[in-house]
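To start, the structure itself, in structure tokens.
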Amino acid sequence: MHPSHRSAADARFDPWSPAFVADPYPAYAVLRATGRVHRFEPTDQWLIPHHADVSALLRDRRLGRTYLHRFTHEEFGRTPPPAEHEPFQTLNGQGLLDLEAPDHTRIRRLVSKAFTPRTVEQLVPTVRRLAAELVDSFVEAGGGDLLTAVAEPLPVAVIAEMLGIPESDRAPLRPWSAAICGMFELNPSEETARAAVRASLDFSAYLRELIEERRKNPGTDLISALIAAHDEGERLSEQEMISTCVLLLNAGHEATVNTTVNGWWTLLRHPEQLAALRADHGLLPTAIEELMRYDTPLQMFERWVLDDIEIDGTVIPRGSEVALLFGSANRDPARFTAPDTLDLARRDNPHITFGAGIHFCLGAPLARVELAASFGELLRRAPAMRPAAEPEWNPGYVIRGLKELRVEL
């Protein structure tokens, strides 16, 4: 590693700085210009900023979301998590996103049945109806906070509907999810960990009861389908079922919420592009892809190095952690023409917002349906929407989004 690489990374990449979180893109440009891999001491990680490398490493089986299918913590040279974090570790560790083959293959095969093109197609009328109802109320109220009024309730309702969670039980879902997702930030505090453990216990207890109830009275929901699959010999432990449901809720709305709000904030700051979209709603499909590329809701994904890899002459040894910078890859001039320009009509757009390889986002087709429904409704019903206040960014960098987006109509 050249000394210049280290100083470039340390000088500009600062995930705890509000200014960096508000606009990480200039720092990414410095990282890309100064090398393909950068050691970042504060988190003991290797930062990977280029599209070609991120894309290749997402598909590289020498990297994994976990190492526990091959090594103990000690063999891997890592300290086991503190015992008091156990409820979070159990919940998170049995979810699809943090499993590798063969468990990942088995569970993903079961869950993917809920996300086939046909099942997603059947959800379209429900998603559109929910989006229309939310936007109606928002328009009647004369505007307000787009995050809490439209962006958040839509994907939560859709996933809750898929899982068969009754409407009366949905209020704690988002707070539980937010508490659990706090652990995906860099170097989370003890307070964050305590909140995540509490939410893991509460959410798991709730789902255990719901699964019990569905065993007695099966429905047409996903939980009933997972129980039926288990009964037909597709092994799925209760913990795997609980972890899968939590993952679907967390992954199924955090990124969609932030894509919606960050996307609208981007549009409101690019009036000429927004005017083009308002004049031609046929642009919506490419517009949604471009908004996901231009301001990525999940800026970074981490992977463990299970076998040594080499990038541009730097050997990254087994036991290391790489941080794949999605936000940087999506602005890489080596892959995108004029990457810092918002172009809602962009056709050549291989963004990696949904990941790649075996962990490619299972819910990508559903996310696109939700985004098309909410953006479409707002374009139709609130054609003169404008910001009512300058929004503030949440402190989190990995899952990056606004605290609120107040608009007037």
Here the gap from Thr314 atom OG1 to Glu310 atom CD, rounded to the nearest 0.5 Å, amounts to 8.0 Å
- request: Compute the ring centroids of Tyr67 and His73, then answer whether they are less than 6.0 Å apart.
  value: yes
Please verify the inter-ring angle class for Tyr25 with Tyr28; under 30° counts as parallel, over 60° as perpendicular, anything in between as tilted. perpendicular
Requested in this report: Measure the shortest side-chain to side-chain distance between Pro155 and Arg174 over non-hydrogen atoms and say whether it is less than 4.5 angstrom.
Outcome: no
Next item on the list: Using the ring of Trp304 (Phe, Tyr or Trp, six-membered ring only), decide whether Arg65 places NZ or CZ under 6.0 Å from its centre and within 45 degrees of its axis.
Entry: no
For His359 together with His104, are the ring centres under 6.0 Å from each other? yes
Legend entry - Pair His270 and Tyr294, ring centroids less than 6.0 Å apart: yes
**Asp221 side chain near Met162 side chain, heavy-atom distance below 4.5 Å** = no
Check: Any salt bridge between Arg106 and Asp103, counting N to O under 4.0 Å?
Finding: yes
Output, in order, the C-alpha distance, side-chain angles, deciding distance and verdict of salt bridge (charged side-chain N to carboxylate O under 4.0 Å, His left out) for Glu191 and Arg194. CA-CA 5 Å; Glu191 189 188 349; Arg194 274 197 300 273; 5.9 Å; no
- Do the side chains of Ser200 and Ile180 get nearer than 4.5 Å, heavy atoms only? yes
key: Charged tip of Arg331 within 45° of Phe336 ring normal and under 6.0 Å   = no
ask   = Any ion pair linking Glu377 and Arg128 (charged N to carboxylate O, less than 4.0 Å)?
value = no
**Message:** Treating Thr260 as the side-chain partner and Thr256 as the backbone partner, does any N or O pair qualify as donor plus acceptor under 3.5 Å?
**Reply:** yes
* Asked: Is the closest side-chain heavy-atom distance between Phe301 and Ile48 below 4.5 Å?
  -> no
Asp60 vs Arg303, salt bridge (charged side-chain N to carboxylate O under 4.0 Å, His left out): CA-CA, chis, key distance, verdict
CA-CA 10 Å; Asp60 193 320; Arg303 291 282 190 278; over 6 Å; no
Worksheet item: Going by atom types only, do Ser237 and Gln239 share a side-chain donor-acceptor pair under 3.5 Å?
Response: no
Check: Are Glu121 and Arg118 close enough for a salt bridge, meaning some N to O gap below 4.0 Å?
Finding: no
Ring centroid separation Trp16 to Tyr397 under 6.0 Å: no
Tested for side-chain contact (heavy atoms from CB on, under 4.5 Å) against Leu324, the lone hit among Asp53, Leu57, Leu47 is Leu57
Only one of Arg368, Arg347, Arg346 passes side-chain hydrogen bond (donor to acceptor under 3.5 Å, both in side chains) with Glu289, and that residue is Arg368
Worksheet entry | Sub-4.5 Å side-chain heavy-atom contact between Ile223 and Leu210 | yes
| request: Before accepting this row, confirm whether a basic side-chain N of the pair Arg62/Asp308 lies closer than 4.0 Å to the acidic partner's carboxylate O. | output: no
**Request:** Taking the side chain as every heavy atom from C-beta outward, state whether His38 and Pro49 have any atom pair closer than 4.5 Å.
**Result:** yes
According to the interplanar angle, ranging from 0 to 90°, do the rings of Phe88 and Phe184 count as parallel (below 30°), tilted (30 to 60°) or perpendicular (above 60°)? tilted
Heavy atoms from other residues, nucleotides or ligands near CD of Glu74 exceed 12 (cutoff 6.0 Å)
yes
Check: Is the closest side-chain donor-acceptor distance between Thr286 and Asn349 under 3.5 Å?
Finding: no
Original post:
Between His50 (side chain) and Arg32 (backbone), is there a donor-acceptor pair under 3.5 Å?
Top reply: yes
key: Ring centroid separation Phe203 to Tyr206 under 6.0 Å   = no
